[in-house]
Amino acid sequence: MDEKTPHPDPPSEATRRGFFRVAIGILGGCIGLVLGIPLVGSLVGPAFRKKVPRWARVAPVESLPLGQPAVLSFTDQSSEGYLRETVVRNVWAVKRSADEVTVFSPICTHLGCRYDWEPNSGHFLCPCHGSLFGLDGKALAGPAPRPLDTLPVKIENGELFVEWERYELGISRKIPV
Amino acid sequence: MPDRILRWVDERFPLTAMIRGALDEEIPGGSRHAYALGSAILFVFVLQMITGVWQLFYYVPSVDHAYDSVNFLRTEVPFGWLIHSLHYWGANAMIVLVGLHIARVFIYGAYKAPRELTWLAGVVLLLVTAGLVFTGAPLPWDEPGYWAAEVGTSIAGTVPLVGNAVKRLLRGGDVMGPLALSRMFVLHVAILPAILLGFLAIHLVAFRAFGSVGPWEESKRNSTGEFWPDQAFKDTVVAVFLLLLLVFLCVYAPPPVAGPADPLDTSYIPKPEWNFLFLYETLKFLPGRLEPLGTMGIPLAGILILVLLPFLDRSPERNPLRRRFAMAGGVAWVGFIVTFTVIGYLSHPGGVGGTTGPPPSGSSASLSPSAREGSRLFGSLGCNGCHSINGKGGAVGPDLSDEPRRGHSRAWLAAQIVNPKSHNPNTIMPPYPTLGDTQLNQIVDYLSSLGAAAPPAGGASTNTPPAEEKPAPSARPAPRATVPLSVPAPPNAGLAPTNPSLPATAVHGAGPLSGSTGQGPPGPAASVIGSVEHGAKLFRLYCTSCHGPDGKGGVSNPGAEGGTIPALDPIRRKFFSRDPGEFATNIDRVLQHGAIPKGPLPEKSMLTFGTTHSLSQEEISDLEAYILSLNGVERAELKHPGIPPRTWFLVVIAVFALAVGGLVGVRALRFR
């Protein structure tokens with residue numbers, strides 16, 4: 001027998017140590033749980049986050065000519081993760097009434113060229129391949145597979161807001177990129 | 001099935017034997033909570049590794065993106081606030097626990113033979129932990145972190161002979177810039193953790209080889225306990241309490257959003273974190289040639305004592321009451337650190353932050369009435385933002401404490417104020433072309449009165465050029481000069497002198513149009529989460545004279561619609577938004593591009609802080625954070641917290657309460 005007290009292993013001691021093992025397991029599991037949920041959540045959350053509409057203030061509606069196209073420039077703040085940049089964008093706007101404005105993406109739906117307004121003919125004309133669009137955006141001639149892309153708009157306190165969006169090119173359906 | 005898998009593994013790798021080797025240990029005198037400190041350090045270290053690696057999913061080690069990426073993690077990643085804060089508080093906990101662990105080992109005499117190597121490995125672990133704290137601080141590239149590294153590497157530079165080389169090695173060059181950040185990053189996430197893991201292995205293997213030292217009284221060492229499960233249970237309980245404490249601190253005392261690093265910021269006064277405060281305070285007592293004694297001598301002496309301790313104190317006696325010399329030394333050392341830490345904590349370093357008035361120039365009573373008015377103008381025009389007088393003021397421009405000694409004539413001074421480029425085409429000092437003759441004379445009177453021994457320069461003009469502005473020690477250099485807000489229009493620095501009697505619109509040139517507000521796109525500051533605290537200091541320095549204390553308004557602006565300058569608390573409705581990003585963008589346009597109030601002839605107009613580089617983008621972001629806070633909007637609002645912090649704390653408490661309740665039940669039913 002060692003000078004030191006041998007391992008006491010009466011039933012009560014075995015019970016106590018058994019309880020310790022269970023307690024270590026349960027408490028350890030809880031530690032894993034309260035750390036695991038945030039760790040998993042931090043990776044899963046951003047990956048499946050829905051896109052939030054980002055409205056950019058473009059111009060006062062009253063400044064737009066009625067029934068005539070106007071090219072408008074505005075600053076849009078694009079955001080991707082921690083990267084944010086301010087971009088100047090152009091759109092075509094046609095004011096239908098005091099509370100209705102149609103805003104077209106300036107990108108031709110054929111291959112992405114920038115089209116222009118032809119005041120003489122009263123059409124939008126793409127200089128690259130000759131696609132022709134009406135004031136309502138309909139494709140009238142040329143290779144464009146679909147009408148001009150309209151952008152989401154809203155009017156608040158007399159101000160026109162636009163949500164910038166890009167769409168797939170060269171196909172008949174309007175699908176966001 | 002698990003048994004079969006374990007057997008299969010054991011036939012190919014001694015897994016069970018290794019686990020037994022790690023867990024089967026006799027503890028003389030039985031298990032104690034006091035012995036849990038080592039395990040607690042290990043627990044926090046693992047926590048640091050996990051939260052550190054997780055931050056790397058979002059962190060970008062570049063001066064352009066580090067700050068934004070950390071704030072993106074904190075505000076827009078679910079539980080990012082918790083992961084970042086756990087790492088922050090975990091680092092603090094590591095230092096406390098390591099200190100307590102060393103103290104316990106010292107008191108128990110556990111460094112003595114044959115455990116010298118365990119002790120020495122522990123000393124290395126202490127130093128590596130300090131290194132991790134030091135190299136981790138600048139990684140967010142915020143104000144405290146940047147300045148901690150700036151000062152810390154400068155301290156390394158004070159070491160005789162090799163100091164400059166060490167400093168350059170740490171920084172990767174002359175200045176704290178991108179290369180320095182990369183070096184700190186690699187040291188923090190790769191090299192130091194690898195060293196720590198290596199010495200941790202040595203520490204643990206050496207500890208297991210000789211076991212726990214146990215109580216110093218022989219009588220208490222007769223009985224023994226087991227590490228598994230007795231001590232492991234106590235270690236687990238301590239880990240649970242530590243985790244609860246850390247989560248509590250993360251929720252109720254999160255690390256502050258301290259504003260982006262701004263190397264040109266003269267209003268920020270660096271003060272180290274609590275863990276380096278004792279050294280900071282010590283240096284105040286060792287000025288001049290004695291400085292290296294404080295920067296290197298004392299830390300080196302402390303390390304040497306720790307390293308040599310087991311070889312100096314070789315007596316087998318472990319009872320602290322019989323080791324009076326060693327204990328007295330230990331208590332003195334701890335007393336020194338605690339005392340100087342407390343003194344450092346209570347000290348308030350002086351500086352220009354928060355001051356709006358002119359710096360003192362001796363007794364104001366001794367100034368002539370004209371000079372006294374000039375002194376007031378010097379403050380209200382914001383000259384002290386760039387120029388220091390008697391130790392107070394900015395450091396961008398020359399110190400003017402002894403201006404009369406420079407030999408500048410009154411005419412030279414007047415020309416320098418009205419059109420600084422007439423003396424130096426490259427100066428960044430803004431012109432003050434619209435000051436009236438009386439005001440100009442008052443400022444010149446004030447400058448001529450500075451310095452007790454020197455008379456004001458007489459009428460003879462000299463060609464002595466003014467001292468040039470300090471070169472910007474910046475990683476992101478941006479020319480900067482402080483432009484006062486309360487000057488009459490025009491707002492654009494660099495315009496030719498014009499007739500101050502003309503209306504604002506007539507002299508603005510490329511400036512904003514009358515009645516315009518923020519013509520132009522928002523600048524980079526709009527998307528940066530600034531510091532409310534620092535923004536408040538900047539506001540007092542640059543904005544209070546026009547927008548009133550705390551932005552309450554009430555300052556008159558003859559000729560403007562309404563006759564007063566708008567209050568910022570509350571701000572006009574067209575700027576306000578509950579969304580902090582939108583709110584910041586709205587006011588950012590004004591801060592960047594200025595604005596001219598509506599009205600027939602506004603005397604004062606909002607200056608173009610951004611486009612003229614009068615304020616850095618970092619400072620503008622701080623100002624925006626403060627203005628948002630005045631209107632009850634938090635710039636660093638958690639957009640995607642996962643679960644809101646306080647709710648999460650309750651969840652954590654509930655989880656462990658359930659666990660304890662379950663254990664009580666299990667014990668009652670199964671282990672009676």
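Side chains included, hydrogens not; waters and symmetry mates left out as well; all remaining heavy atoms used. Within every chain, numbering begins at 1; the chains are lettered A, B, ... in the order of the sequence lines, protein sequences first and strands thereafter. Remember, it's a predicted structure, so these values are computed and weren't measured experimentally.
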For [X], is it the side chain, the backbone, both or neither that has a heavy atom under 4.5 Å from a heavy atom of chain A?
| X | answer |
| --- | --- |
| I643(B) | neither |
| L658(B) | neither |
| T51(B) | neither |
| L663(B) | both |

Worksheet item: Counting heavy-atom pairs under 4.5 Å to chain A, which of D230(B), V652(B), V655(B), V240(B) comes out on top?
Response: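 Most heavy-atom pairs under 4.5 Å with chain A: D230(B).
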Discussion item. Counting heavy-atom pairs under 4.5 Å with chain A, which one of G523(B), P522(B), G80(B) comes out on top?
Written reply: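 Winner by heavy-atom pair count: P522(B).
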With side chains defined as the heavy atoms from C-beta onward, is the minimum distance between [X] and [Y] less than 4.5 Å?
| X | Y | answer |
| --- | --- | --- |
| W54(B) | P38(A) | no |
| V34(A) | V247(B) | no |
| T585(B) | R57(A) | no |

Worksheet item: In terms of heavy-atom pairs under 4.5 Å with chain B, which of P46(A), G45(A), S79(A) leads?
Response: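 If we count pairs closer than 4.5 Å to chain B, P46(A) comes out on top.
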Worksheet item: In terms of heavy-atom pairs under 4.5 Å, which option from I26(A), N157(A), L39(A) contacts chain B the most?
Response: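 It is L39(A).
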With rounding to the nearest 0.5 Å, note down the distance linking [atom1] in [X] to [atom2] in [Y].
| X | Y | atom1 | atom2 | value |
| --- | --- | --- | --- | --- |
| T75(A) | R589(B) | OG1 | CZ | 4.0 Å |
| L27(A) | T236(B) | CG | OG1 | 6.5 Å |
| R16(A) | R667(B) | CZ | CZ | 8.5 Å |
| E582(B) | W55(A) | CD | CH2 | 12.5 Å |

Worksheet item: Taking the six-membered ring for Trp, are F19(A) and F233(B) parallel (under 30°), tilted (30 to 60°) or perpendicular (over 60°)?
Response: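 Tilted.
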Fill in: Under 3.5 Å donor-acceptor, Y58(B) side chain and S42(A) backbone
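Yes; at least one donor-acceptor contact below 3.5 Å.
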Fill in: Donor-acceptor under 3.5 Å (R17(A) side chain, W228(B) main chain)
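Present.
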Answer yes or no: does atom [atom1] of [X] have more than 12 heavy-atom neighbours from other residues, nucleotides or ligands under 6.0 Å?
| X | atom1 | answer |
| --- | --- | --- |
| R166(A) | CZ | no |
| F57(B) | CZ | yes |
| K138(A) | NZ | no |
| R96(A) | CZ | yes |

Worksheet item: Pick from L35(A), L43(A), I37(A): which one makes a side-chain contact (heavy atoms from CB on, under 4.5 Å) with F79(B)?
Response: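 The option that passes is I37(A).
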Discussion item. Using a strict threshold of under 4.0 Å (side-chain N to carboxylate O), is an ion pair present between R84(A) and D68(B)?
Written reply: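 R84(A) and D68(B): not salt-bridged.
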Discussion item. I need the minimum non-hydrogen distance between V60(B) and Y82(A), along with the two atoms involved.
Written reply: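 Nearest heavy atoms, V60(B) then Y82(A): CG2-OH, 3.0 Å.
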